Amino acid sequence: MAEITYLEAIREALFEEMERDSNVFCMGEDIGAYGGAFKVTEGLMAKYGDQRVIDTPISEAGFVGAAAGASHMGMRPVVEMQFIDFISCAYDMLTNYIATARYRAFLPCPLVVRGPSGGYVRGGPFHSQNPEAAFLHTPGLKIVYPATASDAKGLLKAAIRDDDPVLFFEHKYLYRRIKEEMPAGDHVVEIGKARVAREGKDLSIITYAATVWKALEAAEQLEKEDGLSVEVIDLRTLLPMDDEAIIATVKKTNRVLIVHEDTRTGGVAGEIAARINEHAFEWLDAPILRVTAADVPLPFAPPLEDYVLPQVADIVSVARKLAAY
Amino acid sequence: MAEITYLEAIREALFEEMERDSNVFCMGEDIGAYGGAFKVTEGLMAKYGDQRVIDTPISEAGFVGAAAGASHMGMRPVVEMQFIDFISCAYDMLTNYIATARYRAFLPCPLVVRGPSGGYVRGGPFHSQNPEAAFLHTPGLKIVYPATASDAKGLLKAAIRDDDPVLFFEHKYLYRRIKEEMPAGDHVVEIGKARVAREGKDLSIITYAATVWKALEAAEQLEKEDGLSVEVIDLRTLLPMDDEAIIATVKKTNRVLIVHEDTRTGGVAGEIAARINEHAFEWLDAPILRVTAADVPLPFAPPLEDYVLPQVADIVSVARKLAAY
Amino acid sequence: MATSTTSRAPSRPSDALTLERKVELYYWMRLTRSLEERLVNLYRQTKVVGGLFRSLGQEADAVGSAFALDRTKGDILSPLIRNLGSMLVQGAEPLEIIRQYMAKGDSPTRGRELNIHFGDTVRGFVGQISHLGDMVPVMAGVTLSFKLRNEKRVGMVYVGDGATSTGAFHEGINFAAVQRCPLVVIVENNGYAYSTPNSKQSAVKEFKDKAMAYGIPGIRADGNDVLATYDVTRDAVDRARRGEGVTLIELMTYRRKGHAEHDNQSYVPDGEIERWEKQNDPINRYVRVLLEELQVEKKELDAIDARVISEIDAATDLAEQSPAAEPTDALHGVYAVPAQVEPLWYRAGVRSAVEKNERAAGWGTFNG
Amino acid sequence: MATSTTSRAPSRPSDALTLERKVELYYWMRLTRSLEERLVNLYRQTKVVGGLFRSLGQEADAVGSAFALDRTKGDILSPLIRNLGSMLVQGAEPLEIIRQYMAKGDSPTRGRELNIHFGDTVRGFVGQISHLGDMVPVMAGVTLSFKLRNEKRVGMVYVGDGATSTGAFHEGINFAAVQRCPLVVIVENNGYAYSTPNSKQSAVKEFKDKAMAYGIPGIRADGNDVLATYDVTRDAVDRARRGEGVTLIELMTYRRKGHAEHDNQSYVPDGEIERWEKQNDPINRYVRVLLEELQVEKKELDAIDARVISEIDAATDLAEQSPAAEPTDALHGVYAVPAQVEPLWYRAGVRSAVEKNERAAGWGTFNG
Ligand SMILES: Cc1ncc(C[n+]2csc(CCOP(=O)(O)OP(=O)(O)O)c2C)c(N)n1
Ligand SMILES: Cc1ncc(C[n+]2csc(CCOP(=O)(O)OP(=O)(O)O)c2C)c(N)n1
Ligand SMILES: [Mg+2]
Ligand SMILES: [Mg+2]
């Protein structure tokens with residue numbers, strides 16, 4: 001089979017799931033005839049019609065709420081945010097109504113909210129966000145953020161089939177930049193399981209989304225230049241978090257570097273650090289360190305964006321310090 | 001001077017600041033003639049009129065946004081959320097518009113959003129929330145959450161004078177349950193500084209808001225029953241976080257327990273754990289542990305709420321384990 | 001779209017109701033009122049956990065509108081805090097309501113949620129959350145699913161005058177209007193949102209005019225006239241079922257008891273409450289219609305009153321015997337999978353903190 | 001409140017404009033168009049960072065409406081992505097615009113924000129953010145401050161047809177209406193929101209009717225007629241200044257260039273763009289008015305065209321020489337205090353990552 005991009009993998013998942021289950025339908029701004037701002041849903045309306053591929057008014061709370069209502073009745077809505085930054089407008093609906101529906105009212109809420117996330121694309125402060133941390137502290141939600149094309153496909157399929165609401169973050173830098181051959185058949189990747197993206201024994205980098213690639217590149221460089229064997233863990237799912245995989249790598253390498261693209265304070269790295277403390281403190285030979293964005297709104301100009309976001313060189317330099325600790 | 005409650009201290013701060021600066025004005029639902037759902041603003045409209053004490057329509061994004069606009073023009077709006085749970089409806093406005101205004105457009109945005117927060121009051125899932133963690137990862141905001149009456153007053157006065165937007169969380173359980181004599185004069189407490197609520201040398205509890213009192217009670221019990229000397233740090237401000245105070249206590253006791261009322265995953269404790277790792281790992285003689293709410297929406301019935309929220313007994317039992325580590 | 005004001009529609013759907021059905025309307029209103037009165041007693045006995053929200057004086061608008069739905073067709077509504085009557089019509093039981101207010105372990109939400117915040121999509125109501133306006137998008141989606149599946153079902157959502165100011169209301173009704181969802185939006189105009197009079201809520205004179213912003217019909221009716229309420233709602237329900245889309249109905253009523261039991265209503269002009277009570281009580285008005293226009297005998301109504309009380313008595317007795325919520329049940333059902341959240345490690349085996357661990361008096365009294 | 005449709009008001013405020021001022025309108029429209037054309041060139045040369053958003057065909061609505069404000073009185077507007085013309089009228093300079101599009105270090109936002117997302121409350125514009133609708137509450141607050149301080153200033157906020165669907169629009173305009181803030185809300189009806197035609201955005205036929213929901217006047221006017229636009233806006237501005245509150249104005253126009261340069265407009269019916277270009281170009285229409293009705297000489301307009309080009313040339317030359325943004329400047333100004341965020345410990349002393357640290361080619365090409 002031919003290689004397809006991360007974006008095409010997502011599209012393939014949508015086609016396959018709409019085909020498999022007539023309850024699956026899509027909503028979002030400009031996803032129909034236009035195929036979405038990034039063309040993820042291209043061709044979907046032509047095939048499934050405008051009842052199952054619905055162009056919405058500009059009202060994120062409105063159509064995310066509508067997705068919840070439809071999901072109570074057995075539908076499986078997949079909602080696109082034109083940019084994930086606009087998920088903030090549906091924050092109340094997601095955290096208060098949707099996340100609690102099953103718990104407080106025994107209402108199933110199987111829906112997916114997906115959209116282009118992340119920076120490194122000169123998108124400026126409102127087209128580059130990584131909002132995962134703002135939802136991490138909402139029991140009832142699941143959060144997925146794939147780094148590879150096959151995970152993007154397999155996890156989206158799993159998200160659509162999941163009986164709970166899933167936030168599915170897609171990294172827009174990866175949309176057309178990475179390619180992969182899809183596993184044959186009905187490729188579903190279990191939600192909640194991390195992936196060892198690279199085996200290593202001296203040091204672990206725990207990360208997810210686009211920075212998985214930064215970490216892999218740093219690992220290669222560290223191997224070549226320093227002879228260090230670096231393990232890279234791609235979390236893939238942030239909620240529920242795969243404690244087993246995290247603990248396993250800590251016990252193996254005893255040194256942990258957490259990398260994420262999101263701002264530092266209040267980012268996901270904190271939660272990971274706390275969990276490692278609780279479950280594997282004795283195995284730590286060095287402090288858990290973080291490489292993240294600086295605590296500023298993400299600026300637009302290339303020199304500024306480059307300075308604020310974590311880069312390979314940052315990972316390399318911190319990893320060296322950690323290895324030498 | 002007579003003792004006044006936490007709630008009265010907040011009211012006093014509002015009166016004093018409105019008196020001091022004619023740019024200060026208040027907005028919120030039912031804050032005028034009615035004096036607010038908790039009567040925090042009682043008497044304010046009678047004294048300052050309905051131009052400076054504005055009853056708003058039910059539209060949190062609308063009036064928080066309006067506060068931003070007014071603040072650009074030199075006003076100092078203080079906005080009440082009837083319950084802090086409804087701040088979720090203004091999430092976009094706060095995180096995208098307000099937090100970034102100074103950075104992206106050099107627009108000052110001196111405003112305060114305040115409101116009754118927290119549980120232990122049988123408020124159920126939508127009248128008990130602690131939303132601080134959802135904003136912790138937003139550079140541009142400041143977050144304050146006082147535990148004592150004098151801090152409530154002094155920090156609110158500081159928040160109103162601050163040139164940046166401040167989220168001011170008030171714990172509704174404390175509103176009428178704690179009393180204190182106010183320091184004389186213009187009592188302002190600096191934002192960004194933690195407080196040693198109790199000195200100790202064996203173990204540190206880092207916490208904030210209502211659980212400061214739980215921690216103090218646990219500390220007393222641990223002293224009496226176990227002869228343990230427990231230090232309690234009341235963070236007071238969560239953003240910016242007082243790293244110095246945190247590091248100082250870690251270096252002093254070498255054992256840290258973080259307590260918060262908010263749910264566990266993605267709560268503020270994670271960030272604290274990460275910072276301690278980065279700044280004071282060598283001083284740790286035991287893993288950093290957390291006592292928090294369980295990861296569920298906060299249920300309503302007393303036995304359920306009691307079970308989910310952190311209690312003194314939890315702190316005591318975990319502190320014992322930590323001390324014995 | 002044109003908006004219109006009507007107290008009773010010229011061709012009245014209620015003319016088609018049998019006398020039995022018309023008497024049933026009285027039963028539901030009486031049940032609503034008496035059940036709330038019972039809850040007031042329980043509240044004063046501190047058996048109610050949390051606040052108590054009354055619909056006194058609004059029973060006709062709740063009952064008359066819900067009565068226009070057809071449960072046999074699978075119609076669904078989403079109530080608000082003052083729509084106890086609507087829920088009863090849709091099949092909620094007094095026993096459930098009392099258990100829920102008492103936060104019992106066998107209440108509809110097993111103690112997770114308050115008062116009438118519960119739902120049952122089989123009987124036909126979707127549980128609200130506190131955040132006002134949010135149910136409008138949700139019901140837009142419920143009714144969208146009817147449309148997508150070609151089911152001839154109708155949905156109804158209630159919002160207060162106050163809640164029309166929320167962005168969620170706006171986004172939800174606009175979405176439903178564009179999609180021509182089979183949805184009826186009831187704006188209960190009871191004069192106040194908590195203490196806020198309508199004049200501070202919106203500059204419109206009539207909330208029905210909000211329909212103009214969405215290209216849908218807006219109708220105002222007398223919400224204290226149960227038949228008039230039934231009439232306009234039934235027309236809107238039929239219209240929705242025919243696939244003609246959303247209708248906004250403004251029902252004029254009055255909130256006689258304040259926002260909740262603790263509200264002293266000091267902000268209400270003198271005499272206003274008394275005026276509504278004397279001149280415009282929806283039950284009294286309907287009793288007159290029943291006795292005078294429909295020739296129902298007084299003793300038939302008395303019998304209903306007695307039946308209502310005995311039903312409520314029975315429900316109260318049962319509810320009082322209901323068990324408290326089970327602490328560790330708090331960990332169940334956040335997700336479908338896993339069905340149960342792991343207990344925190346230091347809590348494994350612990351029941352309620354208050355029962356076993358907590359020193360009762362000390363908390364929060366520290367004074368320093 | 002009644003809404004009305006008018007192409008030109010019967011008593012025309014523009015009659016009071018001097019010929020010089022009327023010619024000035026032409027200058028602003030021409031400047032807007034030519035500046036955007038220059039940006040297209042720079043975009044094609046990849047000197048523009050990010051997307052390029054055009055207002056081709058909408059220049060009259062932007063310029064005519066902004067022209068109705070009075071900068072000397074301290075009036076303020078908040079533009080949208082297609083309101084370059086409005087910003088120029090309020091005093092934004094071509095040099096700033098070009099620097100901003102090129103993400104230069106001396107651009108108005110020093111490289112923090114994109115395209116025309118910048119503001120200056122002294123000159124009278126408040127910088128927008130991307131999230132549509134949010135500027136309506138913000139401008140409600142700006143104008144609330146005018147009211148609280150008894151200043152006779154007016155505010156104006158632009159929203160697209162699409163943005164009227166947002167909750168923020170609804171909450172903001174309702175708040176302003178209740179408070180009778182001196183605010184003019186311009187709904188630019190250009191037929192589309194990205195690819196979404198109005199019929200999928202709202203079930204209203206005319207967006208001016210949205211005013212009905214807020215108890216304020218709603219007026220529709222021909223946004224491609226710069227004088228008609230000026231007229232209705234000026235009336236609304238005067239009304240606001242007199243303390244009579246909010247007006248909603250729907251300006252009919254057409255977005256000829258798609259959402260942004262990358263949009264191929266495949267969703268637009270054949271011939272629609274061409275029809276607007278030929279029959280309803282706002283500059284061509286105004287040129288005819290100037291030449292035929294107002295007896296302006298063609299060479300006067302030619303001179304303006306030449307002046308515009310030379311201004312843009314000069315601005316382009318300067319902007320091209322502008323320095324890139326300074327990496328560590330990213331740490332300044334998140335807060336008033338502290339004025340600068342601490343650099344991350346491993347970044348202290350590092351300049352741009354790309355300049356010094358990053359291997360350029362390798363990123364993201366790993367294939368596994
Ligand atoms: C988004 C939101 N903001 C604030 C509140 C607090 N609140 C609860 S009820 C209420 C008043 C509601 O008034 P209305 O919509 O007219 O309904 P009524 O109580 O009159 O039936 C308010 C402000 C809320 N529940 N949700
Ligand atoms: C809240 C929000 N949702 C989605 C978007 C993405 N978006 C940017 S422009 C646009 C279309 C805007 O249409 P309209 O309001 O009609 O303005 P126009 O571009 O036609 O001037 C959309 C959907 C956004 N910026 N904000
Ligand atoms: Mg009301
Ligand atoms: Mg448009």
Side-chain angles (χ1 to χ4, degrees), chain B residues 22-23 25 27 49-52 54-77 79 89-90 92-93 95-111 138-142 162-165 191-192 239-240 243 278-279, chain D residues 74 76 78 108-110 112-114 117-121 125-131 133-151 153 155 157 166-179 181 183 330 332-338 341-342 345:
Chain B
S22 65
N23 292 312
F25 74 105
M27 289 199 280
D50 66 1
Q51 295 279 299
R52 290 184 66 196
I54 299 177
D55 278 328
T56 62
I58 305 176
S59 35
E60 284 76 10
F63 59 81
V64 168
S71 77
H72 296 336
M73 309 312 291
M75 304 296 291
R76 300 246 162 197
V79 172
C89 300
D92 165 55
M93 195 59 81
T95 60
N96 287 311
Y97 187 84
I98 289 173
T100 64
R102 179 179 294 280
Y103 188 72
R104 69 176 156 76
F106 309 101
L107 284 167
C109 219
L111 60 87
T138 308
L141 298 179
K142 295 183 176 177
D162 201 283
D163 288 331
D164 290 310
I191 290 177
L239 196 66
D243 287 341
E278 287 162 344
H279 297 300
Chain D
I76 291 192
S78 173
T109 67
R110 304 208 307 248
R112 286 130 192 248
E113 252 279 34
L114 312 131
H117 284 210
F118 67 98
D120 178 352
T121 50
F125 43 96
V126 177
Q128 60 184 308
I129 66 168
S130 298
H131 292 68
D134 281 11
M135 299 315 292
V136 182
V138 170
M139 288 304 294
V142 166
T143 51
L144 177 71
S145 80
F146 299 161
K147 191 189 128 194
L148 296 181
R149 288 175 161 164
N150 243 315
E151 299 170 342
R153 301 165 72 181
V157 62
T166 62
F169 164 80
H170 176 72
E171 296 196 359
I173 193 170
N174 184 60
F175 178 90
V178 172
Q179 286 292 327
C181 294
L183 180 66
H332 288 265
V334 178
Y335 296 97
V337 181
V341 171
E342 291 268 301
W345 61 271

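Everything numeric here is computed off the predicted structure, so don't read it as measured data. Convention: sequence-line order gives letters A, B, ...; per-chain numbering from 1.
Contacts of I173(D) with chain B are absent, with no heavy-atom separation under 4.5 Å from either backbone or side chain. Residue contact with chain B, scored on non-hydrogen atoms closer than 4.5 Å, involves the backbone and the side chain of A330(D) alike. Interface residue T121(D): only side-chain heavy atoms are found under 4.5 Å from chain B. Heavy-atom distances place no part of D50(B) under 4.5 Å from chain D, backbone and side chain included. Using a 4.5 Å cut-off between heavy atoms, P338(D) makes no contact with chain B at all. Looking at F118(D), there are no atoms closer than 4.5 Å to chain B (heavy atoms on both sides), in backbone or side chain. Looking at V126(D), the atoms closer than 4.5 Å to chain B (heavy atoms on both sides) all sit in the side chain, from C-beta outward. If you measure heavy-atom distances from H170(D) to chain B, you find no contacts under 4.5 Å at all. With a 4.5 Å cut-off on non-hydrogen atoms, I191(B) does not touch chain D at all.
Contact count versus chain D (heavy atoms, under 4.5 Å) is highest, among D163(B), D92(B), L107(B), T56(B), for D92(B). When the candidates A105(B), A67(B), G192(B), P57(B) are compared by the number of heavy-atom contacts under 4.5 Å with chain D, P57(B) comes out ahead. Between chain D and the options P108(B), G140(B), A61(B), P240(B), the largest number of non-hydrogen pairs under 4.5 Å is found for G140(B). The candidate from G74(B), A99(B), A68(B) with the greatest count of non-hydrogen atom pairs under 4.5 Å with chain D is G74(B). If you tally non-hydrogen atom pairs under 4.5 Å between each of V337(D), I129(D), V136(D), V178(D) and chain B, the highest count goes to I129(D). For the set V64(B), D164(B), I58(B), the count of heavy-atom pairs under 4.5 angstrom toward chain D peaks at D164(B). For chain D, the option among C89(B), A101(B), P139(B) with the highest count of heavy-atom pairs below 4.5 Å is P139(B).
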Side-chain donor-acceptor contacts of residues 140-148 of chain D below 3.5 Å, not counting sequence neighbours, with atom names and distances?
residue: T143(D); atom: OG1; partner: M139(D); partner atom: O; Å: 2.8
residue: T143(D); atom: OG1; partner: A140(D); partner atom: O; Å: 3.0
residue: S145(D); atom: OG; partner: V142(D); partner atom: O; Å: 2.6
residue: K147(D); atom: NZ; partner: Q179(D); partner atom: O; Å: 2.9
residue: K147(D); atom: NZ; partner: Q179(D); partner atom: OE1; Å: 2.9

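D162(B) and R76(B) are not joined by a salt bridge, as no carboxylate oxygen comes within less than 4.0 angstrom of a charged side-chain nitrogen.
Under the side-chain contact (heavy atoms from CB on, under 4.5 Å) criterion, S71(B) pairs with P77(B), C109(B), P110(B), L111(B), sequence neighbours left out.
Contact between D134(D) and A168(D) at its shortest, heavy atoms only, is OD1-CB, 3.5 Å. Between E60(B) and E171(D), the closest heavy-atom pair is N-OE1, 3.6 Å. When all heavy atoms are compared, the tightest approach of G74(D) to R153(D) is O-NE, 2.8 Å.
Relative to the ring axis of Y97(B), R104(B) places its NZ or CZ within 45° and under 6.0 Å from the centre.
Inter-residue side-chain proximity for V138(D) and H72(B) is flagged as met; some heavy-atom pair is nearer than 4.5 Å. For the pair E151(D)/M73(B), no side-chain contact is recorded, criterion being any heavy-atom separation below 4.5 Å from C-beta on.
Formation of a donor-acceptor pair under 3.5 Å by the Y335(D) side chain with backbone atoms of Y103(B) is not found in this model.
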